[in-house]
Amino acid sequence: MEKKTPDLIKETGLQRKSDVIVIGAGAAGMMAAIRAGKRGRSVLVLDHARAPGEKIRISGGGRCNFTNIHAGPKNFLSANPHFCKSALARFTPADFIAMVERHRIAWHEKTLGQLFCDDSAKDIIRMLLDEMRAVGAVLQLGTDISAVERLETGFRVSTGDGVYEAASVIVATGGKSIPKMGATGFAYRLAEQFGLAVLETRPALVPLTLDPGLLASIAPLAGISAPAEIRHGKTAFREALLFTHRGLSGPAILQISSYWREGDEIVLAIEPDIDIAAQLKRAKQLNGRQSAQTALGEILPKRLAQFLVEREKISGNMADLADKALLRLAASAQNFAVKPSGSEGYRTAEVTLGGIDTAALDSRSMEAKGVPGLYFIGECVDVTGWLGGYNFQWAWASGFAAGECA
Ligand code: FDA
């Protein structure tokens, strides 16, 4: 399927024509190509990368968390929280699971409704390529796009390999996260070229960094992971928290990073299912000669217990400590306010928050309201999922919606 003049594309001089051109062979673009191809449309998929679905390949630690069985509008951030409803309702996690099962890909639920491949994320890429092949969609890799212009009917796409024409163009070039993997701002620039608004973009599902003073103080905690509830205003996530040598990470932090803004405080509640204050009081009664550090070290990782005891300047035996001191120690673990200094940015962010304003798109088809035949899908649109398979579900659903209409 690589870099040849596609048989399906009619050659008329320099201008090769198809019904649909999809720009971007990622999750959303491949799904759109499959759906449009199934409807009998001739489809050409162009991508500047050397391989399709590179983000799928590295996703979910190489096993691709391909959907979440609980995915619904509440799991997405957008200036218009209603926009994603129509597409999500018309291509559901069950629809994607059915495709995965048709291709005999073994999968399992890890936690919180997150579905992963048993073997490899490459199985998902293979499945999508097989589906594309089955409907005659043609994939052309290593193709740089230099311009997209509107014609009287349809569009002209100029590339390093010549000029292509199509009645519809579906833009599926993703967001800005991980530029090292070929992420570009292409979709945003194209949207602006056609007069669509682009909302502020920022890295999301990203580790948070700390100022040097705080970082130095928590340096001994690097590598420690613990169950936690991380709160930002009224939003809270309960998953693992990881202290790193750059700051804070782990699923709970990545989730809250989509809500956090510079200058905001977040609150860490470590081991939220344990009443640490009650356990410390009980330890004082049962074993008063134990040190506070030892008692806390039976509840939390030992290095974390040591850090908290030192931070609260608590020393001596449990029997000598007032209940007030024990409450203070418990609060330091379960009401630990931190003001991150920033995030690790697009270098490590899993997704881009913000993007093409959904007000400019039809929520049923993803078509630009003022530009018939032009569609935007996937991560470039201002719809961003939580961590846990939601972003792929949006890619599949928005791709399906566009492929159904283009
Ligand atoms: P995507 O980025 O997948 O594809 C865009 C395509 O367009 C690429 O093939 C790219 O080469 C191409 N392109 C870009 N610019 C171009 C240009 N100028 N010209 C031509 N082609 C261009 N989500 C999830 O639900 N479960 C998970 O397990 C994970 N795990 C994960 C791990 C890591 C490390 C990252 C970075 C991200 C995830 N995600 C995730 C998020 C998920 O990968 C992301 O939401 C989807 O890949 C978005 O799909 P799109 O098709 O919109 O863009």
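Only this structure's heavy atoms are used, side chains among them; waters, hydrogens and symmetry mates stay out. Each ligand, and each atom within it, is numbered from 1 in the order the structure gives. We number each residue from 1, following the sequence as shown.
Taking the six-membered ring for Trp, Tyr390 and Trp394 have ring centres at least 6.0 Å apart. A distance below 6.0 Å separates the ring centres of Phe66 and Phe96.
Between atom 15 (N) of ligand 1 and the options Asp144, Thr184, Thr159, the minimum heavy-atom separation is to Thr184. In the candidate list Phe116, Phe392, Trp386, Tyr346, Phe392 is nearest to atom 25 (O) of ligand 1, counting heavy atoms. Of the candidates Gly185, Ser59, Ala51, the one placing a heavy atom closest to atom 29 (C) of ligand 1 is Ser59. When Glu350, Lys55, Arg57, Met181 are checked for heavy-atom proximity to atom 2 (O) of ligand 1, Lys55 turns out nearest.
Residues Glu298 and Gln279 bring no donor and acceptor atom of their side chains to less than 3.5 Å of each other. Looking at Lys85 and Ser363, their side chains never bring a donor and an acceptor atom within 3.5 Å of each other. Donor-acceptor pairing under 3.5 Å is recorded for the side chains of Asp95 and Thr92. Residues Glu265 and His232 bring no donor and acceptor atom of their side chains to less than 3.5 Å of each other.
Nearest to atom 14 (C) of ligand 1 among the protein's heavy atoms is Thr173 O, 3.3 Å. Protein heavy atom in closest approach to atom 53 (O) of ligand 1: Gly174 CA, 3.4 Å. Summary of contacts: the protein heavy atom closest to atom 34 (C) of ligand 1 is Ile58 CD1, 3.5 Å. Scanning the protein heavy atoms around atom 12 (C) of ligand 1, the nearest turns out to be Asp47 OD2, 3.2 Å. What sits closest to atom 13 (N) of ligand 1 on the protein, heavy atoms only, is His48 NE2, 3.5 Å. The closest protein non-hydrogen atom to atom 26 (N) of ligand 1 is Asn65 O, 2.9 Å. Protein heavy atom at the shortest distance from atom 44 (C) of ligand 1 is Glu379 OE1, 3.3 Å. At the shortest separation from atom 4 (O) of ligand 1 among protein heavy atoms lies Gly26 CA, 3.3 Å.
Less than 4.0 angstrom separates some heavy atom of Gly60 from each of these atoms of ligand 1: 28 (O), 30 (N). Near Gly182, meaning under 4.0 Å from any of its heavy atoms, are these atoms of ligand 1: 14 (C), 15 (N). Interface of Gly389 with ligand 1, defined as ligand atoms under 4.0 Å from a residue heavy atom, comprises 24 (C), 25 (O), 26 (N). Of all the atoms in ligand 1, the ones that sit under 4.0 Å from a non-hydrogen atom of Asn391 are 23 (N), 25 (O), 45 (O). Near Phe186, the atoms of ligand 1 lying under 4.0 angstrom from a non-hydrogen atom of the residue are 18 (N). Residue contact check: Ala49 has heavy atoms under 4.0 Å from atoms 11 (O) of ligand 1. Less than 4.0 angstrom separates some heavy atom of Gly378 from each of these atoms of ligand 1: 52 (O). Those atoms of ligand 1 that come under 4.0 Å of a heavy atom in Val351, given as number and element, are 41 (C), 45 (O).
For Tyr346 against Pro179, the heavy-atom pair with the smallest separation is O-CD, 3.6 Å. Of all heavy-atom pairs spanning Ala402 and Ile377, the tightest one is CB-CG2, 3.5 Å. Here the closest heavy-atom approach between residue Ala204 and residue Leu353 is recorded as CB-CB, 3.9 Å. Looking at every heavy atom in both residues, Ala166 comes nearest to Asp19 through CB-O, 3.7 Å.
For the ligand labelled ligand 1, residue Ser177 lies outside the 4.0 Å heavy-atom shell.
With respect to Asp273 and Arg238, a salt bridge is recorded, a charged nitrogen being found less than 4.0 Å from a carboxylate O. Under the 4.0 Å criterion applied to side-chain N and carboxylate O atoms, Asp264 and Arg261 are not assigned as salt-bridge partners. Under 4.0 Å is where a charged nitrogen must lie from a carboxylate oxygen, and between Glu54 and Arg57 at least one such pair does. Ion pairing between Glu131 and Lys38 holds under the 4.0 Å rule for side-chain N and carboxylate O. At a threshold of 4.0 Å, the pair Lys369-Glu367 does not count as salt-bridged, since none of the basic side-chain nitrogens sits closer than that to a carboxylate oxygen.
Under 4.0 angstrom from ligand 1, the non-hydrogen atoms of Ala28 come from both its backbone and its side chain. At a 4.0 Å heavy-atom cut-off, ligand 1 touches Tyr390 through the backbone alone. Counting heavy atoms closer than 4.0 Å to ligand 1, residue Leu205 contributes nothing at all. When non-hydrogen atoms are compared, ligand 1 lies under 4.0 Å from the side chain of Ile178 (C-beta onward) but not from its backbone.
Between Ala27 and ligand 1, at least one N/O pair is under 3.5 Å apart.
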